[in-house]
Structure formats: C-alpha cells, structure tokens
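Computed from a predicted structure; not experimentally measured. Each chain gets a letter, A, B and so on, in the order the sequences are listed, and its residues count up from 1.
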Amino acid sequence: MAVLSSGRPLVLRVPGVMTTEVGSETDVKKEPEKVPEVQQHTEQPDKPADSTASASSDPPQEESRSAEAGSDQEATASPEPSSPPAAGGQKKDKGISRFLPPWLKRQKSQSQDKPGESAAPPKQESEEVVKEDQEETSQPKEQEEDGGGAEHSEEVKEAREEVQPEEKEKDEEKSIGSADTQPVREEKEGESEVKESDEKEENEEEKKEEEEKEEQQVVQQEASVPSTLKLNKKMKMVVCHVTLLDGSQFSCEVEKRAKGQYLFFQVCDHLNLLEKDYFGLSFKDNAEQRCWLDPTKEIKRQTRNSQWQFSFSVKFYPPDPSQLTEDITRYLLCLQLRQDIASGRLPCSFVTHALLGSYTLQAELGDHDPEEHRLDYISDFQFAPNQTKELEEKVVELHKSHRGMTPAQADAQFLENAKKLSMYGVDLHHAKDSEGVDIMLGVCANGLLIYKDRLRINRFAWPKILKISYKRSNFYIKIRPGEAEQFESTVGFKLPNHKAAKRVWKVCVEHHTFFRLVSPEQPTKTKFLTLGSKFRYSGRTQAQTRQASSLIDRPAPYFQRTSSKRISRSLDGAPVVNVSDYSQAAGAGENGPALELNSDSKSPQVEVVEKPNADAATSIASETAFETDDASERKVPQKSPPHPGTDSRDASQSTEVKPEVNGQPEVVEVVEETVVIEEVVKAKPKSPVPEASFTIETEVKEERSLSSDSESEEEAEYHAQPPSTSVSVQQIKEEPEEEQEAVLTQQAPPPAIESQPSAEAAEPEPAAEEEKAAQPREEEHTDEPPLTPDEAPNGHAPQHQAPPTPQTAAAEEEEPLIVNGSASRLETDHLPQVICCSEPPVVKTEMVTISDTFAAQKTEISTKEVPIVHTETKTITYEAAQLDGNGDGEPGVLMTAQTITSESLCTTTTTHITKTLKGGLSETRIEKRIVITGDSDIDHDQALAQAIKEAKEQHPDMSVTRVVVHKETELAEDDD
Amino acid sequence: MAGLMSGFGCFTHAVMRAAPRSLARDALRSGGQEVDLLKVQEEHEEYASVLKHRLGLEVLELPADEAMPDCVFVEDAAVVCGDTALVSRPGAPSRRRETEAMKSALTELGLNVVEMTDESATLEGGDVLFTGREFFVGLSKRTNQRGAEILADTFKDYAVSTVPVQGALHLKSFCSMAGPGLIAIGSSEAAQKALKIMQQMSDHKYDKLTLPDDSAANCIYMNLPGKGDVLLHCTPEEFPESAKVFEKLKDHMLIPVTNQEKAKVDGGLTCCSVLINKKKNI
C-alpha cells in the first residue's frame, strides 16, 4: 500500500523574481460572462459614439472592435479581481438589458434574424445539409435564433452555469478570473497593438476612451458591445466574390452580418455540391496568409478584406477519394489538386506530372483525337510548375493510352495516383526549431509531420498527441509517452508570429477532429469555461460526412467541366486558374522565431514559465491581424513591439484593431480561447469503431489579462487522445493564458493546492484527489504558507498582474489545471499510464512533463494507496534578501504542476508563478515545489542540488532567492 | 500500367561490377579480417548467376577498376527508383570515382540520371531503404543530411525520412525489405532502435521480420513475373538461426546466397547490385 509511507518528502522552493514594468492593467477577466452585458451596454453607447462601443470586451464576435477599449478598462478594473467576478458581470448585463431601449433590442433581433433568414434559403435548397449544419453547430443556431446579442448572452449564461458549480468550489475568485480576466487581457493586447500600429485612428481613440474607463471592467465590456449594435443598425448587403476551383468567379450578396456558413452554402448550392464537408472558404489576411473562413462566425469579423474576396477550396483532403460518393465531389477535388500541382504546393516527379496530366486531359477532352489534338491543344493546361515540352509530349503520349476512359474514371485514376503522393493533403506551415533552423510543420489527416527542407525528420500521429497548444508565437504538442517512456514530453515550435501559431493550432484541431473523431465535440457539453469564444471544429467529421454521403440519393448531377470554360475563358483572355490563391498558408516571409524542440523528457513546466517571458516581446512585435472570431480569434494589425517598460503585457497580449471593410476601425479583442476537448477513451471501445468511444468536450475560455507581461498572447490547447490509446481523456484547449487555467484550479480549492480542476470534470473525485493532495498540502502548509500548490498546465504561464491579493490570483486561475488530481483520476480510471492528464471537459489539466532523470526513478503511486502518515518534520530554509514581501504575502497563480510517479518514488513538482504589479513594476515569482516521496532512501542533498540546478537552467534569467527544504519522515504506519 | 508506387520488387535489369584484386587488401572494412579474393570472386559469380540464370534478369556487369577496391559494391553508387536514377556521392573519399562508370551504365539503360553534384552532400546507396511507398535514409558516417535532401528532391513523389544510424556502416547493414510492407530487421539494439524510428516516421504500417543476426537482415526481395515473391538471403552456413527464420516464409521463393567473404569487408547481399525495372510502369 503505502508506497509513499516510507518516503521522505523533500520540498524545495525556488522562487525566482523577475521584475518587469507593467502597465497598471493587471487582471485577467473572463469576457464571456461579461459579454452579454457588454453587448447590451454597447447598444446604448453605439448611437452616441462608436468610441463608447469600443469599450466592449468580450463577445468574441462583436467584440473585436470594442475589444481594445474594453481591454484597457478591464485592465484597470482587473486589478480588483475579487470584486468583479463573472457573477457581477451577469448582473450588470441583466441590468443593462433592462434599461436598454426596446428599439435597440429590436435591432439586435433583426440583425440576428436576417442572417438566419439568409441562411434559410440555402437550407431549402439543400435541406439535408442545412439541417446537419444546424445540428452540428448548435451555437450558430442559437445565435441565429437569438440574434447576435442573444447568442452571446446565452453562451454566457451557459458558461456561467457551468462555471458556477466549479466556482462554488473555487470561490468567486475563480469565476472572475476565468471569465473576466481573459477578456481583459485580450482587450489590453488589442489596445496595445492598435496603439502601436496606429492603423486606425478611430481605434486608437476608442482605446483612449477605454483607458479612461479603466476603472470598471464590466462597464467597459458593456461599452464595447455598442460597436456591434452599430453594425447591426447599418444592416448592409455586401457582395462576396468567390473564386471557384475552376478559376471562375462566383458572386453573391450577403447580409453584412451573415456568417461564414451562409456564404459557404451559397457557393455549394451554386456548385450543386452535397459532400461539402471537405471544402471551405478561405481568404487572405493582411499578411497574405490564407485563413479559413469560420462558418459559425460572422464573415465581417473574420475578413478584413474590404472586397470580401474568397476562394473555395479543399480543406480536408480525403485520404481515399474513392470513398467519396459523388463524381462531382471527386471532380472538385481534382481541380484542387491540379492547382496544388501546378503551383508546386504538391510536389511530384516528372513521371507523375505526366501521368496526372494525362488523366486531366482524358477527363477534360476525352479520347485523344490525332486530328483535333495536336501538341498545342494542351497549351492551356498547366501540368507542372515548370512545364516543359518534354513533359507535354509525355502527357500526350500517356493521354493516348487512356482511350475509352470516361471523365469520371479519369478523375478517379487521377485521384488514385495523387493520393499516394507524400505531400497529398499536407498543410505546410513555416516554423523554426530550437536552433533557429527553418522547418516545416505539415498537418495532415494522420497527424503532424515535421520537415526540414524536404526531409521528414519527425512525425507525430494523432494517437501520439495528447495535447496541442499555442502560446504567443509558440506551438506545442504534448506527446504520449512511448513504450519505454514513462512520461509525456512536450515539443515546441516557433512560428513566425502569434497569428501563425494560432493558425497552425486551429488547423491541427480541425484536422484532428475531422479525421480522428467520430463526431465533433458538443458545444452544449462544454459548460465550464464557456465564456467568450470557443474555437473548435464545428463541421462534420469525416465519419459523419461519409455517413451522410451514403444517404445521398440523387441522380448524378450534371456538371460542366473546365475544358469548356477554359476555352471560353481563354478566348476572353481570362486566366484559368488563380495559382496565387494557393500560396501556402505558412508565412514564409515572416520571420520565424527560434523553434524549440523539447526532448521527450523535458518538463513542460519549465518551458512554459520561461517561454512567456522571453517570447512575449517577440510575439508581440510580429503581429498581423488575426481573424476575429467570436471570441476565439484575435485580429492583430501590425503592431510595434510593446513598450518594454510599461506595457509589456499589453503588447504581448496582442489585441488587435482591425480595419473594417467600411473603413471603420475595428478593434479586435484579442481573446484567448481555451478549448478543451476531452476524449474519453475507454479501455474497451464501446463501439467497434474506436472513435465511437470518445467523448469530446470542449471548453473555451477567454481571458484578458491586462497586466501580464509575457502571457498576454493567446494560448490554446487541444487535447487529443486516440481512441485506441489507453489514455482516457483528450483535451483540446485553447487557453490564451495558462495562468488562467491554473487559477481556476486554485480557485476552487484555494487551500488545497492540489485540488483538482473539478469543475470541468463535473464530477471531480474529491476523495482521490484529496488523498493525493494531502501529502503535498501538508508539506506546503507546514512549510510554506505562501505557496499554494497549484497544478498548472505546462504551457501556460500564469500572470498575476495588478492585484497580488489572493482573490485576484484566484480570479486569474480560471482554468483548473490539475496535475496531481488528474493523475489520481487516471489511476482510478484504470488508466494504464502512470501519469495522465485526465481532465474533465471543464477542467483543463495539464500534464507536467517530467524530466527523464526523474522518470527513471519514479514509481506510480495510486492515490488510493497514499497512506496516512505521521511525520516528523524538518525544515531548512535558505532565503535570499530579495525574497521578501513580494512573494509570500501575495497570492500566486499556479502555472504548472508536475507529478511524477514511479515505483519507488513519487515526485511532485509544483510551479507557482505569481505576477504582481507594484508601482508599475511587475514581478514574476516562480515557486517550484518538489515533493519527493519514496520508500527507499533518497539522497536528499543530491536531489536538492539537482532541483536547484534545474531551476537555474530552466530560468536563467531569474535568480533563486530562497530554498526551503522540508523533510518529513514517516514514523511508520501503513494504512491499507 | 499501374500507377504510382506499384510494382514493388519488379526488376528487369541489374548492374553489377567485378571485384578488383585490390579488394582483398585495400577495401574498406571495419573488422580488419583477411579476405580471400578467390572466395569473393566465387561468391560474386554465384550471385550473378542467380540473377541471370535463375531469375532471368538482364545483368550488366561493369569491369573492375583496381584503383577502386570497393567498386564491387555498386549499390552505394546509385539509387534507382522507377525510371529515375540518382548517382550518389559516396561518403568515403576513396569511393567517389566509382560513380563514373555507374553513371554511364545507367544512362545507357535509358534512365533519367540525376547527379549529386553538391560537394557538401554525401550519400551511399547502402543507407537508402526504399519500401515501395517511401524512402528511409540512414544518416551515417557515409551519408549526411544534405545527401538525403538531394535524394528527396530527386524522388519527389515519396516521403523521405531520415534515420540516425549508429553502430553500423549503413542503414541496410541491419535491415532491408523482405517483401511488400515487410521489413527484415536485425535484433541488435541499434537495429531495433532504427526500426522504431522508421515506424514512427511512417504513415504506413509495416510488418517486420526479425532476424537474430543483423547481417542476415540484409536480403534482396524481388517480385518477378512467373516466379512471384523471390527472396535472396543468407545461407544456413553463415547464419543458421536467421536462415531458419527465412525458411518460414512459405510464400517466397527462397534462394540462399553465400556472402561470407564479402561480409568481411562490410558487404551485404544488396551491396552487389543495382536493380532496375525497365518495364514501363506507365
């Protein structure tokens, strides 16, 4: 039983103090809760002036404009975290709504209704599709029904409801932190960015105004709302131009507030396409990077392109095109691949170019006709990036051999060969490794591929990936331990900028969901952190779309192939294909920051902590506008680097101002989204299909942190576990800030550091967790009052800015990160792996990476087995002069916690990062607690030395100010 | 007419090269063992005979060059896949010139010849494992990253993954293809580690045939018309335990080929020929 019983706990605190100047803005607030309020508020202000509207902080969709202003205000408000929790926000909202003039409300409803109506026509055309879409995306439906404002409010309510249970445990602080804090941060970021960028004067004005408003976060958020209202009032129709795969243009009018899916359905209807789930609409952002139009969000919030120019293209390349139901779908896929090949995006050999080209000719022109088809007949076709006469001759030669093949057969043959190409369906993104070497991240149906030049240097299949996250310009994947490994590892990559990191993250989340899961996560399930925008893939998965396709019962639709069009166009002189549209999404041009590859053994904690600080500046500097989605996306206009001294956080938090189409500046709130997708894998797959067993829950949190320096940027995590895998839970999280997550955990059980992020789990298992927690707690309590054991997710760096007070800290901790608790659950759940991050949907659990050295020695300890021990306590404290007041008295936010268990030893590392604002200076304090428990004798001196060494290595910029060694020796009782 | 990536193991031609007398004394070797030139030549003739007479391949035998003691191991001089041949740049300086004769031979055979001209690149064919769906390139003392990159540029259709090679001369010193989707792999730690990496890097599933002896894992698979699956593998005299493993492959035409003497200079079965499929695939 008691594995721990004989162990001697060693507690090390290594506090590090970093001082950075930070703006007055400190707290992270959850926007989502406030959002509804904000909207309402905004409505009023809108009429008078846009500026007021700018203040709005949250509603992701609406907020972008207002976000900037709101952020500032929120930031100011945030310092007083405890007071303005979500609850307050709700109240305000309600209050505001009451006061809203009826006509304002009407406007909202109208605006909302219109999109819905617009959506309706496509529905009629393709009823099946529409229905499915609706079902799939519950959010959109709600939104449509309620109207924009209503949507937010509903979401918020849900979020609140979800949160509340957790909050109860976590206390009010949590709620505040989770909901309010995040939004605030985002807003701040947006402001800072906007300021720097100066792109839009209006935005700046708004910001200023917002700043003035700083005192009340809630108020600010409300103020921000008006901006949306303004838009609604205008209710304009916008002409969208869509470049189709055959190069032709499709134009249609959409209501200005229409969501992406409306336009997408219009296009699909135009194409007579039923198997539309493989496709999407993309547009170019300000940085000329390709972005996917989120169907569930308003178009205008996503695109800054005043011309509303989109491209219809394949988003998910079916690994086996022969399983597509309709020829028209295959035809469209062929068109996409022809472009991919011609543009060089899909590399292939000479022979392959020739073969695929010959099938293209057969499909487009039919049998080779010696009389009609001379060599020049193929001059209109581009078979390769560099097409030679030799190639054309080869193509013709092969074309002759396809005699008798129907167009559909030729397309099928084309696809059968194209799908074998190694880069088929691989979405490449530029990145850098730890040494600053350029690499490429390739997202595909099977997982994530890493390329250096043209060489594949690593591959992470979806089943190997536990979590996907991004923070600032860093993109992280947490890897399931291999057979010989006991612990997870986290691998980090440096993307050119924050936006690029988020783009990769989103693509990964979408691909994982589409190809790996049976069904997307249900929005309704996500209750905990539902504030703000949630990003997740809302469409059908491949499994679903296949099922739906099997029901297609219509005669094969007639469709016109490009050849005829080509001819007509060629006569007109119009280009057949827009190659430019297919430029790779990856921002080649952008500077890629150094990539960090973490070895398997490395501990995530370290990375997380360090990264925020270091990266903040860079990430901030690089920014371009993000897509503003409801809450999830931030638009970041180019912003000058944050002011080093004052607003390091703000800058990092990249809030962006988007120029609107109309020329109205949009302040895009940088909303940090946390999406937790948990896939519960049961040892025994319920359904024959492994995927069936997964339960996916998604949580999205928006956090706005005003004060936090490095962490300001969005972070997102996505946890995915393969069905087959023993691991029970997959989480997909987007967390703008890790800190917030940590906060959540802490909030619920402030006293018990280790307490689980129960809220998400809905049913945390207190007993088990507590048991585990018990040891650490005891130690912590006894030795170190200041330390609250928090289990923070790896990647997230907590930010406590303004209010060092415990309440604030709690608020910041929106998302529960459970290291210890999670582990305990896993064990209880019969999870095979020693260390598991089991996270309930709501709770974000981050697995702490355990260094290899640790791993070897550690043994699994089940919670149940934790014995009650009588202990002798011995405490040794080394304290540097600096330590002082900052740390101990102030509440901390749990950033990360690591639990390593091995047979003989149990080591728990808890990293506590506290940021405080004092007199314009922000201090970052990192407290690391390492608990070593084991039966065997441990060389404590060595362990201590190792711990200090590691701490220094991990945080070279920080100094070790105090080391506390606490020894407990069991007197020897065995329970159980 | 199969499309891409079909016909794995289909060969019509083989390029070989006679063993020079200098092999006995000057050929590179890791063991330092004495080599009996006569035995080498006997083995070589047996090898060529199997290809020619037993399997019906058209064998093009290049003359030996006394200035190139390792020239018998033609595999390292070129990588042929489909109708494209990459003439390599061997990592051992003494072997660089071996590629000249190979280049002309491949050109003569009508292949699309690509030369590795980058002087920072090294690659030896023994480090290149082609599975039918993708390439694995061992990064060894003889092959570097740049060489692998050039190979990737040459064979664009295929994924090219790199595999660190430790404790062996070449990647194929302990592995090879024993069938479609079947990797023969040695039992050593280095071999197993490499296999693990390959499995991780691949989108495809491979079966493995584990052999007690690393050297025995170097075998030659072919799929020939009228003969089906053909496997040239070690003899029971050399590796009795491994030979038993091969003998369990009931569906293969199993042809033990002696390689005892050439093994003393680190030569495996695959080293002595470059196999080519001149049947038009497309």
Answer yes or no: does atom NZ of A/K419 have more than 12 heavy-atom neighbours from other residues, nucleotides or ligands under 6.0 Å? yes
So, the side chain of A/R454 versus the backbone of B/E149: is there a donor-acceptor pair under 3.5 Å, distance only? no
Heavy-atom closest contact (B/Q200 atom, A/R459 atom, distance): O-NH1, 2.9 Å
Quick one: what part of B/T84 sits under 4.5 Å from any heavy atom of chain A, side chain, backbone, both or neither? neither
Of all heavy-atom pairs between B/A148 and A/L455, which one has the smallest distance, and what is that distance? O-CD2, 3.2 Å
Rounded to the nearest 0.5 angstrom, the OG1-NZ distance for A/T352 and B/K156 is 10.5 Å
Quick one: pull up CE in B/M201 and CG in A/L449 and give me the separation to the nearest 0.5 Å. 9.5 Å
Side chain A/R456, main chain B/A159, donor-acceptor under 3.5 Å: no
How far does OG of A/S422 sit from CZ of B/F155, to the nearest 0.5 angstrom? 13.0 Å
Hey, could you give me the CG/CG distance between B/D157 and A/L355, rounded to the nearest 0.5 Å? 9.5 Å
Residue A/N458 versus chain B: region with a heavy atom under 4.5 Å: both
Considering residues, nucleotides and ligands other than A/Q323, do more than 12 of their heavy atoms fall under 6.0 Å from its CD? yes
